[in-house]
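So that the names make sense, note that chain A is the first sequence line, chain B the second, and so on, each numbered from 1.
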Protein chains: 2
Amino acid sequence: MTRIRHQSLDCSPGCAVEATLQLIDGKWKGVILYHLLQGTLRFNAIRKRLPNITQRMLTTQLRELERDGFVLRTVYPEVPPKVEYSLTQRGRTLKPVIMALKAWGDEHTAFGYVTETCADQNDLLTSAAKGIE
Amino acid sequence: MTRIRHQSLDCSPGCAVEATLQLIDGKWKGVILYHLLQGTLRFNAIRKRLPNITQRMLTTQLRELERDGFVLRTVYPEVPPKVEYSLTQRGRTLKPVIMALKAWGDEHTAFGYVTETCADQNDLLTSAAKGIE
DNA sequence: CCGCATCCTCTTGGATACTG
DNA sequence: CAGTATCCAAGAGGATGCGG
């Protein structure tokens with residue numbers, strides 16, 4: 001979306017709205033934050049929850065969330081590697097926002113948008129999970 | 001941001017979060033909705049509140065909001081033309097979301113992001129206003 | 001006053017292949 | 001397992017000029 005980071009936006013009273021949006025935009029950040037709200041997750045655990053995301057995307061989105069101070073990345077020096085992602089204190093402050101987004105979506109996408117082909121994708125998800133583990 | 005519209009997303013429980021985000025994303029939609037929450041506005045009235053937006057962008061963003069059923073566009077057949085934008089019923093259901101975004105921004109951008117060069121831009125805003133009206 | 005049309009640039013993000 | 005690197009397509013979004 002090409003929002004400019006850490007710079008002036010429009011500076012009108014609605015400025016704060018945009019400022020927040022620019023932090024959680026990025027095609028997958030909303031969902032990632034949502035899932036992390038429910039607890040710490042490993043890299044592939046997140047992937048399994050986001051069937052359509054590519055490794056590259058997941059990595060970059062997580063890096064951005066980390067840079068913005070929302071997500072904590074913990075690397076365990078083991079073989080095989082293990083990396084856990086959890087929300088920081090700051091990340092948890094986004095909970096009301098994420099929940100508001102989810103609440104609206106739950107109420108208003110039921111009649112109209114999204115909803116289809118979900119079955120297919122969940123199939124993909126579970127079979128992918130089998131293949132991985 | 002290239003979110004896919006009206007299609008399956010990731011279909012995980014966080015689906016609703018993304019579904020909502022994809023509707024209010026677009027570089028300016030958040031702020032536009034915020035301002036319209038406070039009442040009906042004419043085209044140039046919105047422009048004055050968004051110093052950095054181009055006509056083209058304002059038009060396209062408004063059209064998308066209209067298409068998604070959030071905004072009502074009323075054209076008065078006068079000379080010079082007069083067009084008013086207001087929120088629909090559905091648009092007003094987004095209020096909790098917008099407010100959550102604003103609340104977070106107000107609390108968390110004060111110490112860190114945005115805040116600078118606002119003076120300059122507000123100057124531009126007022127002088128532009130003088131030139132127009 | 002409120003646009004639309006055109007052109008053009010830059011970012012986002014997808015596909016794929018390779019590493020410690 | 002959890003990445004990185006490279007390449008590439010699509011489209012968001014800026015600048016500018018015209019029109020009713």
Side-chain angles (χ1 to χ4, degrees), chain A residues 1-5 7 9-10 18 21-32 40-66 71-86 128-133, chain B residues 1-5 7 9-10 18 21-32 40-67 71 73-86 128-133:
Chain A
M1 195 200 298
T2 324
R3 294 183 202 268
I4 301 157
R5 313 200 131 265
Q7 285 192 19
L9 294 155
D10 67 278
E18 260 304 308
L21 268 177
Q22 89 181 345
L23 290 172
I24 60 175
D25 101 53
K27 197 173 180 184
W28 305 92
K29 288 190 192 172
V31 217
I32 293 175
T40 299
L41 288 174
R42 296 184 55 168
F43 187 83
N44 274 349
I46 303 179
R47 273 192 85 185
K48 276 190 276 183
R49 284 168 174 75
L50 275 15
N52 292 327
I53 199 171
T54 58
Q55 285 150 317
R56 194 178 94 85
M57 261 299 107
L58 182 52
T59 307
T60 54
Q61 301 280 292
L62 282 169
R63 288 295 134 84
E64 287 183 28
L65 289 171
E66 191 188 358
V71 161
L72 182 68
R73 180 167 174 266
T74 315
V75 184
Y76 296 86
E78 306 173 0
V79 179
K82 174 178 168 184
V83 181
E84 283 186 346
Y85 293 90
S86 57
K130 281 178 194 168
I132 288 171
E133 291 193 336
Chain B
M1 196 195 301
T2 324
R3 293 182 202 269
I4 301 156
R5 312 201 131 265
Q7 283 193 21
L9 294 158
D10 66 279
E18 259 302 309
L21 267 178
Q22 90 182 344
L23 290 173
I24 60 175
D25 102 53
K27 197 173 178 183
W28 304 93
K29 287 190 192 171
V31 217
I32 293 173
T40 300
L41 289 173
R42 297 185 55 171
F43 187 83
N44 274 349
I46 303 179
R47 273 192 85 186
K48 276 189 277 182
R49 284 168 174 74
L50 274 18
N52 292 326
I53 199 173
T54 59
Q55 284 151 320
R56 194 178 98 84
M57 262 299 107
L58 182 52
T59 307
T60 53
Q61 300 281 292
L62 282 169
R63 287 296 133 82
E64 288 184 28
L65 290 170
E66 189 187 359
R67 180 200 59 189
V71 161
R73 180 166 174 269
T74 315
V75 184
Y76 296 86
E78 305 174 359
V79 179
K82 173 179 168 183
V83 182
E84 284 187 344
Y85 293 90
S86 57
K130 282 178 193 168
I132 289 170
E133 290 194 338

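For B:Y85, whose side chain is taken as the heavy atoms from C-beta onward, the closest listed nucleotide among C:dG3, C:dG13, C:dC1 is C:dG3. Picking from C:dG14, C:dC2, D:dC1 the nucleotide with the shortest atom distance to the side chain of B:R42 gives C:dC2. Distance from the side chain of A:T59 is smallest for D:dG3 among the nucleotides D:dG13, D:dG3, C:dG14.
Between the CD atom of B:E64 and the C1' atom of D:dA12 there is a distance of 9 Å, rounded to whole Å. Across the protein-nucleic acid pair, A:K27 atom NZ and D:dA10 atom P stand 14 Å apart, rounded to whole Å. For B:I46 and C:dG3, the CD1 to P distance is 9 Å, given to the nearest whole Å. Remark: C1' of C:dA5 and CE of B:M57 are 14 Å apart, rounded to the nearest angstrom. Here the P atom of nucleotide C:dG13 and the CD atom of B:Q22 are 13 Å apart, to the nearest Å. Here the P atom of nucleotide C:dG3 and the CG atom of B:N44 are 9 Å apart, to the nearest Å. Rounded to an integer number of Å, the gap from B:I53 CD1 to D:dG14 C1' is 11 Å. Here D:dG13 presents its C1' atom at 14 Å from CG of A:D25, a figure rounded to the nearest Å.
A heavy-atom distance below 4.5 Å is not found between the side chains of B:R73 and B:L62. Residues B:L41 and B:R49 are in side-chain contact: their nearest non-hydrogen atoms beyond the backbone lie under 4.5 Å apart. A 4.5 Å side-chain heavy-atom check between A:D25 and B:D25 finds every atom pair outside the cut-off.
Atom NZ of residue A:K82 and atom CZ of residue A:R42 lie 5.5 Å apart, to the nearest 0.5 angstrom. Remark: B:T60 OG1 to B:W28 CH2 distance equals 11.0 Å, nearest 0.5 Å. Distance check: A:L50 CG to B:E18 CD gives 8.5 Å after rounding to the nearest 0.5 Å. For the atom pair A:L72 CG and A:T40 OG1, the distance stands at 8.5 Å (nearest 0.5 Å).
Comparing B:V75 and A:P80, the nucleotide of DNA chain C nearest to each residue sits closer to the 5' end for B:V75. Nearest-nucleotide assignment on DNA chain C puts the 5′-proximal partner with B:F43, out of A:Q61 and B:F43.
Within 4.0 Å (heavy atoms only), A:E84 reaches no atom of the nucleic acid at all.
Counting only Watson-Crick or G-U wobble pairs whose defining distances are both under 3.5 Å, the stems of 3 or more consecutive pairs in DNA chain D are C:1-20 with D:1-20.
When the options B:I24, B:V71, B:L58 are evaluated for a side chain to side chain contact (heavy atoms under 4.5 Å, CB included) with B:I32, the one that passes is B:L58.
Residues passing the salt bridge (Lys or Arg N to Asp or Glu O under 4.0 Å) test with A:R63 are A:E66, sequence neighbours excluded.
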Carefully, step by step, assess A:M57 and A:K27 under the rule side chain to side chain contact (heavy atoms under 4.5 Å, CB included). CA-CA 9 Å; A:M57 261 299 107; A:K27 197 173 180 184; 5.6 Å; no
Where protein sits on nucleotides 15-20 of chain D, one letter per nucleotide: B base, S sugar-phosphate only, - none, heavy atoms under 4.0 Å: B----B
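Using a 4.0 Å cut-off, no side-chain N or O of B:R47 falls inside it from OP1 or OP2 of C:dG3.
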